[in-house]
Amino acid sequence: MSFLRCGNYRLALDRPLVMGIVNLTPDSFSGDGLATDADRALAHARAQIAAGADILDLGAESTRPGAEPATAAQELARLLPVLDGLKDCGVPLSVDTYKPEVMVAVLAAGADMINDIAALQHPGALEAVAASSCGICLMHMQGEPRTMQQQPVYGDVVAEVRAFLAERVSAARAAGIAADRLVLDPGFGFGKHLDHNLELLRRLPETTVDGLPVLAGMSRKSMLGALTGQPVEARLGASIAAHLQAARLGARILRVHDVAAMRDALTVWQAVSPWNQ
Ligand code: HH2
């Protein structure tokens with residue numbers, strides 16, 4: 001069985017894990033942002049744990065195209081009280097950030113994982129995580145959040161995503177980061193049109209490198225709206241279907257807003273899945 005080293009935790013990857021999203025933002029695309037209200041954020045985080053989240057992912061800057069960028073100081077003002085309040089919550093705490101100074105501060109404050117949509121490309125990011133034992137998610141994105149959906153272009157999207165992730169794995173390994181700390185993510189919706197996203201989901205097993213675990217994050221995203229015609233608040237069924245398919249194709253971490261529904265879907269599937277025999 002493989003494991004993910006994740007700060008104070010060692011997570012078994014013999015079944016898909018559910019990562020519950022906690023957005024400490026004023027402007028997340030799904031409308032679930034809890035801004036700077038630490039009490040509401042803590043209540044939401046605890047509810048995600050009670051619903052069966054295996055990991056929480058705290059984000060303090062929206063990546064939605066057109067969202068207001070947050071400074072490192074703003075991110076930390078949103079993150080640190082929540083990290084502190086969740087210190088003994090019993091599940092690993094991931095922080096969704098690409099800023100090295102935020103990484104350093106949240107790791108010192110007890111974060112177990114860094115989820116970086118820029119795959120540790122910002123100067124100082126590799127160094128910020130190398131000396132710790134945190135888990136790390138390396139995600140693919142084409143372009144940058146503000147403009148990434150304007151004109152994404154690929155030849156073979158799967159090959160290009162995989163080549164990017166392979167290069168980032170090499171960079172991480174060269175910086176002294178052990179392979180059992182790494183998770184890879186094709187970055188659904190990050191500089192990708194619907195066809196690109198669907199091709200990545202269809203061929204998910206081809207996106208990984210060296211057998212590293214894959215994280216899939218499609219919860220409520222516009223690719224699901226494009227398929228179903230549903231607005232963001234009515235994409236639960238589509239989100240569950242997409243992540244269940246990702247799990248069937250081997251994804252080990254599912255990043256979702258709706259933890260309870262995802263957990264139920266996995267329970268039913270696992271009762272009859274080959275993973276469980
Ligand atoms: N998606 C979002 C943010 N962070 N991280 C990873 N590894 N993979 C993803 O697919 C991913 C991510 C966007 O979703 P959300 O956090 O709900 O929205 P926003 O960025 O608007 O807060």
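In this chain, residues are counted from 1 in sequence order. The structure presented is a predicted model; accordingly, all values stated were derived computationally and were not measured. Order of appearance sets the numbers: ligands from 1, and atoms from 1 within every ligand.
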Does Val158 belong to the same Ile/Leu/Val/Met/Phe/Trp/Tyr cluster as Tyr154, with side-chain heavy atoms less than 4.5 Å apart forming each link?
yes
Are any of the N/O atoms on [X], whether in the backbone or the side chain, positioned under 3.5 angstrom from an N/O atom of ligand 1?
X: Glu61; result: no
X: Asp57; result: no
X: Thr25; result: no
X: Gly217; result: yes

Heavy-atom distance to atom 8 (N) of ligand 1: which of Leu184, Asp185, Val232 wins?
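The nearest heavy atom belongs to Asp185.
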Out of His257, Met19, Lys221, whose heavy atom is nearest to atom 10 (O) of ligand 1?
Lys221
Ligand 1 atoms nearer than 4.0 angstrom to some heavy atom of Asn23 are 15 (P), 16 (O), 17 (O), 22 (O)
Which atoms of ligand 1 have any heavy atom of Phe190 under 4.0 Å away?
1 (N), 2 (C), 3 (C), 9 (C), 10 (O), 11 (C)
Kindly compute the distance separating OG1 (Thr63) from CD (Glu61), expressed to the nearest 0.5 Å.
8.5 Å
Regarding Arg78 and Glu75, does a basic nitrogen lie under 4.0 Å from an acidic carboxylate oxygen?
no
Any carboxylate oxygen within less than 4.0 angstrom of a Lys/Arg side-chain nitrogen, looking at Arg263 and Asp258?
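Here Arg263 does not pair with Asp258 in a salt bridge, since their nearest N and O are not under 4.0 Å apart.
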Give every residue pair that meets the side chain to side chain donor-acceptor pair (under 3.5 Å) criterion with at least one member in residues 122-138, sequence neighbours excluded.
Ser132-Arg181
Would you check if the side chain of Ser170 reaches a backbone N or O of Ala166 as a donor-acceptor pair within less than 3.5 Å?
yes
Could you tell me whether ligand 1 has any atom less than 4.0 Å away from a heavy atom of Cys137?
yes
Among residues at least two apart in sequence or on other chains, which ones pass ring pair (Phe, Tyr, Trp, His ring centres under 6.0 Å) with Tyr9?
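Partners of Tyr9 under the ring pair (Phe, Tyr, Trp, His ring centres under 6.0 Å) test: none.
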Side chain, backbone, both or neither: Arg220 near ligand 1, heavy atoms under 4.0 Å:
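Under 4.0 Å from ligand 1, Arg220 contributes no heavy atoms.
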Check each heavy atom of Arg64 against ligand 1 and say whether those closer than 4.0 Å belong to the side chain, the backbone, both or neither.
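For Arg64, backbone and side-chain atoms both sit under 4.0 Å from ligand 1.
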Phe190 vs His140, ring-ring contact (aromatic ring centres under 6.0 Å, His included): CA-CA, chis, key distance, verdict:
CA-CA 7 Å; Phe190 283 85; His140 174 273; 9.4 Å; no
